[in-house]
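Read through the structure below, which is laid out as structure tokens, and then see the notes.
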Amino acid sequence: VQLQAFGGGLVQAGGSLRLSCAASGRTFSSYRMGWFRQAPGKEREFVGAIRWRTSTTYYADSVKGRFSISRDNAKNTVYLQMNSLKPEDTAVYYCAAGYDGGYYSDVSYDYWGQGTLVTVSS
């Protein structure tokens, strides 16, 4: 199983970015796909997740209303659309896939991508 996250970059506060997570190696229709982030000196934290089969989404309170997650079956890709970005959103963003368990804890995910850096300037 491989997850490849990309799309990070430098953006001004208030701007938008869309991250992509390309998944390969198995069928992900029964999986949960999560996005996490880790800022310098901080622990990794949950950003959001999507249940692949139903497209049900879950978000951290800090990003609710600004970020949205979607998936493209044909491309086996999950997206994280980030709008109204703030400097505190600066972090390395990781995508992850999990089969069993919850949505909010990183220990519930089995596979991880390499991370992509998002920097939001003020």
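The shown structure was predicted, so the numbers you read here are calculated from the model rather than taken from an experiment.
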Quiz item: cation-pi between R37 and Y93, 6.0 Å / 45°: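 The answer is no, since R37 fails at least one limit relative to Y93.
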Verdict with supporting geometry, V120 and Q12, side chain to side chain contact (heavy atoms under 4.5 Å, CB included): CA-CA 5 Å; V120 183; Q12 286 189 331; over 6 Å; no
Decide whether [X] and [Y] meet the rule of one side-chain donor and one side-chain acceptor closer than 3.5 Å.
X    : Y    : answer
T77  : R71  : no
T54  : T56  : yes
W112 : D106 : no

Hydrophobic clusters here meaning ILVMFWY residues chained together by side-chain heavy-atom distances under 4.5 Å, can you tell me if [X] and [Y] are in one?
X   : Y    : result
F46 : I69  : no
V63 : V118 : yes
F36 : M33  : no

Distance from [X] atom [atom1] to [Y] atom [atom2], nearest 0.5 Å?
X    : Y   : atom1 : atom2 : value
T119 : L85 : OG1   : CG    : 11.0 Å
L17  : L80 : CG    : CG    : 9.5 Å
S55  : I50 : OG    : CD1   : 4.5 Å
C21  : Q4  : SG    : CD    : 9.0 Å
Y79  : W35 : OH    : CH2   : 10.5 Å
N73  : R53 : CG    : CZ    : 10.5 Å

Residues, nucleotides or ligands: over 12 heavy atoms within 6.0 Å of Y99 OH: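 It does not: Y99 OH has 12 such atoms or fewer within range.
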Within 6.0 Å of CD in Q81, more than 12 heavy atoms from elsewhere: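 For Q81, atom CD is crowded (more than 12 foreign heavy atoms under 6.0 Å).
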Any donor-acceptor pair under 3.5 Å from T116 side chain to F6 backbone: no
Under 3.5 Å: donor-acceptor pair, side chain of R32, backbone of R51: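 No, R32 side chain to R51 backbone: no donor-acceptor pair under 3.5 Å.
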Mind listing the closest non-hydrogen atom pair of [X] and [Y] along with its distance?
X    : Y    : value
Q114 : L3   : OE1-O, 3.7 Å
A97  : F28  : CB-CE2, 3.9 Å
G8   : L19  : N-CD2, 3.5 Å
S122 : P87  : CB-CG, 3.8 Å
A39  : T90  : CB-O, 3.6 Å
G34  : Y109 : N-CE2, 3.5 Å

From CA spacing to verdict: side chain to side chain contact (heavy atoms under 4.5 Å, CB included), D89, F67: CA-CA 11 Å; D89 295 318; F67 291 10; 3.9 Å; yes
Lys/Arg-Asp/Glu bridge criterion (N-O < 4.0 Å) met for K64, D61: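 Answer for the salt bridge query: yes.
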R44 vs V92, side chain to side chain contact (heavy atoms under 4.5 Å, CB included): CA-CA, chis, key distance, verdict: CA-CA 9 Å; R44 187 162 56 190; V92 176; over 6 Å; no
Mutual orientation of the aromatic rings belonging to Y31 and Y111 [parallel < 30°, tilted 30-60°, perpendicular > 60°]: tilted
Side-chain cluster (under 4.5 Å, hydrophobic types only) that V107 belongs to, other residues: none
Criterion side chain to side chain contact (heavy atoms under 4.5 Å, CB included) on Y94 and Q38, from CA distance to verdict: CA-CA 8 Å; Y94 299 90; Q38 187 166 20; 4.3 Å; yes
